[in-house]
Amino acid sequence: QLQFVESGGGLVQRGGSLTLSCVPSGFTLDGFAIGWFRQAPGKEHEGVSCISSKGSTYYADSVKGRFTISRDNAKNTVYLRMNSLKPEDTAVYFCAATAVVCQAPKYEYDYWGQGTQVTVPS
C-alpha cells in the first residue's frame, strides 16, 4: 500500500522542540509537493506547512516563525522541525503528497499515513 510513515512525535513541554519525519512507503518524493497537516481532538483537519517539489515552503500563520519544513530527496524524507511548542500544537500530525501545487485543496493530497501524536501539556 502506498502511504507515508510519520514518526518523531511525543510528549514535550511548552517551549520545547520536536522534529517529525515523513517517509514514503513504496514510492519516492520526486515530483511531489509534500504537506504536513494536523488534527486536534474535536477540530478540523488543518494544513500546517508544505514544501514544493522545488523546495518552496509555505506555513500556516499559527506556526510561522516556529516550524520549519525541509526535504532531503536523497534520503527520501521530509522533516518538520517544531520549536517553541505550545499546548495548541497538540494534535496528530500527518503528511501527504500532491502532484499539483502546495496550495491545492486537501482532496488533491494522497498517500496519507497514520500520523504521529504530538502532545504539549498546558
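Remember, it's a predicted structure, so these values are computed and weren't measured experimentally.
- Taking both residues in full, the closest heavy atoms of G47 and A60 are given as O-CB, 3.5 Å, listed atom of the first, atom of the second, then distance.
- Here the closest non-hydrogen pair linking A40 and A91 is N-CB, 3.8 Å.
- For the atom pair SG of C102 and OH of Y109, the computed distance is 4.5 Å after rounding to the nearest 0.5 Å.
- Note: Y111 OH to S25 OG = 12.0 Å, rounded to the nearest 0.5 Å.
- With rounding to the nearest 0.5 Å, the separation of CD1 in I69 from SG in C95 is 9.0 Å.
- Both V118 and V48 are assigned to one and the same hydrophobic cluster, defined by single-linkage of ILVMFWY side chains at heavy-atom distances under 4.5 Å.
- At a threshold of 4.5 Å between non-hydrogen side-chain atoms, the residues Y93 and E6 do not count as touching.
- Counting heavy atoms from C-beta on, the side chains of S49 and L80 come closer than 4.5 Å.
- In this structure, W36 has its ring center at least 6.0 angstrom away from the ring center of F67.
- Counting only heavy atoms from C-beta outward, the side chains of L2 and P24 never approach each other to under 4.5 Å.
- Between W112 and F94, the angle of the ring planes goes over 60°, which puts this pair in the perpendicular group of the 30/60° scheme.
- Of all heavy-atom pairs between S122 and P87, the closest is CA-CG, 3.7 Å.
- Looking at T90, its side chain does come within 3.5 Å of a backbone N or O of V120 through a donor-acceptor pair.
- Minimum heavy-atom separation, M82 to L85: CB-CD2, 3.8 Å.
- Across all their heavy atoms, P121 and T119 have their closest contact at CD-O, 3.7 Å.
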Please tabulate, for the side chains in residues 7-23, all donor-acceptor contacts under 3.5 angstrom to protein atoms that are two or more places apart in sequence or on a different chain.
residue, atom, partner, partner atom, Å
S17, OG, N83, OD1, 2.9
T19, OG1, R81, NH1, 3.0

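- Side-chain contact check for T68 versus Y59: some heavy-atom pair is nearer than 4.5 Å.
- By the 4.5 Å heavy-atom criterion applied to side chains, L29 and R71 are counted as neighbours.
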K64/D61 under salt bridge (charged side-chain N to carboxylate O under 4.0 Å, His left out): CA gap, chis, key distance, verdict: CA-CA 5 Å; K64 206 170 288 184; D61 288 343; 3.1 Å; yes
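- Placement of V92 and Y79 in two distinct hydrophobic clusters is found when ILVMFWY residues are connected by side-chain heavy-atom separations under 4.5 Å, directly or transitively.
- F27 and F4 have their aromatic ring centers within a separation under 6.0 angstrom.
- Within the 4.5 Å cutoff, the side chain of R38 has heavy atoms near those of the V63 side chain.
- Within the 4.5 Å cutoff, side-chain heavy atoms of S62 are placed close to those of E46.
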